Novice: 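One structure follows; several queries about it will come next.
Because the structure is a prediction, the values reported are computed rather than measured. Below, read A as the first sequence line, B as the second, and so on, with proteins coming before strands; counting in each chain starts at 1. All values below come from the heavy atoms of this structure, side chains included, with hydrogens, waters and symmetry mates left out.
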There are 2 protein chains.
Amino acid sequence: MTSAKSTDVQPTGDPLEPVSCGPLPCTGGRLRKLTRRMTSFYEQHLRAIGLKLSQYSVLMNLSTEPQTLLQLADRLEMDRTTLTRSLKPLVDQGWVAEVAGDDARRRLLVLTASGHRFRKQAQQVWCDAQLALETQLGRDFTADLNAQLDRALSQLKPALPEEN
Amino acid sequence: MTSAKSTDVQPTGDPLEPVSCGPLPCTGGRLRKLTRRMTSFYEQHLRAIGLKLSQYSVLMNLSTEPQTLLQLADRLEMDRTTLTRSLKPLVDQGWVAEVAGDDARRRLLVLTASGHRFRKQAQQVWCDAQLALETQLGRDFTADLNAQLDRALSQLKPALPEEN
DNA sequence: AAATATTATGTGCATATGCACATAATAGAT
DNA sequence: ATCTATTATGTGCATATGCACATAATATTT
């Protein structure tokens, strides 16, 4: 062993290099577990109208204005290709349509008339689910949780794709 | 307008039937978004050893003792059938093996020797990721977030499957 | 105008998620 | 011993997630 002066009494761990890592809880694991339960909770309600939670968020985010795939993906912060496939059942149901944009590359996604009607209905159901959730978790706790999630989102920015 | 006395100034909403539901934030949506980012964060680290976060949690939860599929699914609180398929790449890699139990129905899942070695390596990498996360979010905030997630988990119990 | 870069999108692959349905083995009831 | 219920698991389907690769159209450079 090297000599240890009184200012050097922690030979096994530099406090800035915080110990070896036994008891650290996995934040990601917790989050994934809670997300499974939470999604299940919402979808118990949404099942009545045959909608997934992710589809609901697509309908809501399309309800204000037509957007291209990339714009919508950015807004939802979903992978572009995930969104492509999530849209398919909505297009098949006739709730979302693709119209040509001024640029032949991009197609604008728009809510159809029946899409707007369905979105209203879905919003009612979602609202019931959200209220049920807040009843179960408690108003104040839900608000706190939302705030924590927002704060985490603002501090954990998405990784930039590597430049190739 | 109808007359309003000083004790009756909220004609549009019964406070116990909390208004119509315009501005409620979607807790589930936030959670899903954060989970995507968080998973991505961990997997940027885990990619070095070609492991998904969910696979890591399987390895960790198998490291103490052999279990049947159902036991492991309960512990991880994952859908049984999701776990079946998550295990396949781990079995293919030779990290997990299935051995016959005393009952011909159940097979015990066990970590192989190389599985144990790999799990140790994976734990190092995971630990780096967790520390990086805590650095980015702040120690105290991460601890708070973990606590909030735990509390939400304890209050939002999984739905019981319907009796048929 | 031609070559090159960027933009917008699609498809294939691997895994994640959970529901519905199917099967095999054991346990319990008659 | 046989019928029935329960337990443990698998498979098919639909969607979610994101990476790698491919293509078409527009923009930029030379």
Side-chain angles (χ1 to χ4, degrees), chain A residues 28-29 31-44 46-47 50-58 67-74 76-93 98 100-109 158-159 161-164, chain B residues 28-29 31-44 46-47 50-58 67-74 76-93 98 100-109 158-159 161-164:
Chain A
L31 209 43
R32 288 165 70 90
K33 190 182 281 196
L34 182 58
T35 295
R36 283 194 296 267
R37 271 198 223 169
M38 191 78 83
T39 299
S40 165
F41 186 92
Y42 282 91
E43 293 191 349
Q44 281 167 44
L46 290 171
R47 198 165 297 137
L51 203 65
K52 297 301 206 88
L53 184 54
S54 64
Q55 297 174 330
Y56 172 71
S57 72
V58 170
Q67 290 156 78
T68 67
L69 183 71
L70 275 181
Q71 288 169 332
L72 186 56
D74 274 0
L76 292 167
E77 202 175 297
M78 277 175 65
D79 187 88
R80 175 183 68 76
T81 66
T82 301
L83 185 56
T84 297
R85 285 168 265 224
S86 299
L87 281 166
K88 184 168 183 305
L90 303 179
V91 173
D92 290 348
Q93 289 285 329
E98 297 183 338
D102 48 346
D103 184 324
R105 284 170 297 186
R106 69 196 88 169
R107 266 141 304 151
L108 286 179
L109 301 165
E162 315 232 330
E163 298 297 332
N164 292 322
Chain B
L31 208 43
R32 288 165 70 90
K33 189 183 281 195
L34 182 58
T35 296
R36 283 195 294 266
R37 268 197 225 171
M38 192 77 84
T39 300
S40 165
F41 185 93
Y42 282 92
E43 293 190 349
Q44 281 167 44
L46 289 171
R47 197 164 298 137
L51 203 65
K52 298 300 207 88
L53 184 53
S54 64
Q55 297 173 332
Y56 173 71
S57 71
V58 170
Q67 290 154 79
T68 67
L69 184 70
L70 275 180
Q71 288 169 331
L72 186 55
D74 275 359
L76 291 167
E77 202 175 299
M78 275 174 68
D79 186 86
R80 174 182 69 75
T81 66
T82 300
L83 185 55
T84 298
R85 284 169 264 226
S86 299
L87 280 166
K88 184 169 183 304
L90 303 180
V91 172
D92 290 349
Q93 289 285 327
E98 296 182 341
D102 47 346
D103 184 324
R105 285 172 296 187
R106 69 197 85 170
R107 268 141 301 152
L108 286 178
L109 301 165
E162 316 232 329
E163 298 296 333
N164 294 324

Novice: Rounded to whole angstrom units, what separation is found between the CE atom of Met78(A) and the C1' atom of dA16(D)?
Specialist: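 It works out to 7 Å between those atoms.
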Novice: Name all residues meeting the side-chain contact (heavy atoms from CB on, under 4.5 Å) criterion together with Thr35(B); count only those two or more places apart in sequence or in a different chain, and write none if there are none.
Specialist: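 Result, side-chain contact (heavy atoms from CB on, under 4.5 Å) vs Thr35(B): Leu31(A), Arg32(A), Thr35(A), Thr39(B).
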Novice: Nearest whole angstrom, please: distance from the P of dA14(C) to the CG of Leu90(B).
Specialist: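 Roughly 15 Å, once rounded to whole Å.
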Novice: Please state how far atom CG in Leu51(B) lies from atom P in dA16(C), giving the value in whole angstrom units.
Specialist: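 Checked: the CG to P distance equals 10 Å.
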Novice: Can you list everything that forms a salt bridge (charged side-chain N to carboxylate O under 4.0 Å, His left out) with Arg37(B)? Sequence neighbours excluded, please.
Specialist: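 Arg37(B): salt bridge (charged side-chain N to carboxylate O under 4.0 Å, His left out) contacts with Glu77(A).
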Novice: Measure from CG on Leu31(A) to P on dT17(C) and round the result to the nearest Å.
Specialist: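 Distance check: Leu31(A) CG to dT17(C) P gives 12 Å.
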Novice: Starting from C1' on dC19(C), measure out to CD on Gln44(A) and report it in whole angstrom.
Specialist: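 Nearest whole value for this atom pair: 13 Å.
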Novice: Start at the 5' end of DNA chain C and walk down; is the nucleotide closest to Thr81(A) or to Gln55(B) reached first?
Specialist: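 Residue closer to the 5' terminus by nearest nucleotide: Thr81(A).
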Novice: NZ of Lys52(B) versus C1' of dA16(C): gap in Å, rounded?
Specialist: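 It works out to 8 Å between those atoms.
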Novice: Over all heavy atoms of both residues, which pair between Gln55(A) and Leu51(A) is shortest? Give the atoms and the distance, please.
Specialist: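 Taking Gln55(A) first and Leu51(A) second, the nearest heavy atoms are OE1-CD1, 3.5 Å.
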Novice: If each of Ser40(B) and Leu53(A) is mapped to the nucleotide of DNA chain D with the nearest heavy atom, which maps nearer the 5' terminus, i.e. the 5' end?
Specialist: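 Looking at the nearest nucleotide for each, Leu53(A) comes out on the 5' side.
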Novice: Looking at residues at least two apart in the chain, or sitting in another chain, which of them share a side chain to side chain donor-acceptor pair (under 3.5 Å) with Tyr42(B)?
Specialist: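 Partners of Tyr42(B) by the side chain to side chain donor-acceptor pair (under 3.5 Å) criterion, ordered by chain and then number, come out as Gln130(B).
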Novice: Under 4.0 angstrom, heavy atoms only, what part of the nucleic acid is Ser86(A) near: base, sugar-phosphate, or nothing?
Specialist: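 Result for Ser86(A) = sugar-phosphate.
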Novice: Is there a side-chain contact between Gln44(B) and Ser40(B) (heavy atoms, below 4.5 Å)?
Specialist: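 Sidechains of Ser40(B) and Gln44(B): in contact.
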Novice: For residues 100-108 of chain B, tabulate all N or O donor-acceptor pairs below 3.5 Å that involve a side-chain atom, not counting sequence neighbours.
Specialist:
residue   : atom : partner   : partner atom : Å
Asp103(B) : OD1  : Arg105(B) : N            : 2.8
Asp103(B) : OD1  : Arg105(B) : NE           : 3.2
Asp103(B) : OD2  : Arg105(B) : NE           : 3.2
Asp103(B) : OD2  : Arg105(B) : NH2          : 2.7
Asp103(B) : OD2  : Arg106(B) : NH2          : 3.1

Novice: Rounded to whole Å, please give me the gap between CE in Met38(B) and C1' in dA16(D).
Specialist: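 In whole Å, dA16(D) C1' and Met38(B) CE are 19 Å from each other.
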Novice: Could you grab the distance from atom CG of Asp74(A) to atom OG1 of Thr68(A), nearest 0.5 Å is fine?
Specialist: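 Result: 8.0 Å between the selected atoms.
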Novice: How long is the straight-line distance from CD of Gln67(B) back to CG of Leu72(B), given to the nearest 0.5 Å?
Specialist: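 Nearest 0.5 Å value for the CG-CD distance: 5.0 Å.
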Novice: Using a 4.0 Å heavy-atom cut-off, write out nucleotides 3-9 of chain C from 5' to 3' as B (base contacted by protein), S (sugar-phosphate only) or - (no contact).
Specialist: ----BSB
Novice: With respect to the side chain of Asp79(B), which nucleotide from dA16(C), dT15(C), dC19(C) is positioned closest?
Specialist: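 Side chain of Asp79(B) sits closest to dC19(C).
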Novice: Can you tell me the distance, in whole Å, between the CG atom of Leu46(B) and the P atom of dT15(C)?
Specialist: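 In whole Å, dT15(C) P lies 15 Å from Leu46(B) CG.
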Novice: Are side-chain heavy atoms of Leu69(B) and Leu87(B) found at a separation under 4.5 Å?
Specialist: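 Result yes, sub-4.5 Å side-chain heavy-atom pair found.
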Novice: For the helix from dA1(C)-dT30(D) to dT30(C)-dA1(D), what angle separates the axis at the start from the axis at the finish, each from five pairs, in steps of 10°?
Specialist: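 It comes to 0° between the two terminal axes.
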Novice: What contact category does Arg85(B) fall into here, base, sugar-phosphate, or nothing, at under 4.0 angstrom with non-hydrogen atoms?
Specialist: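 The residue Arg85(B) makes base contact.
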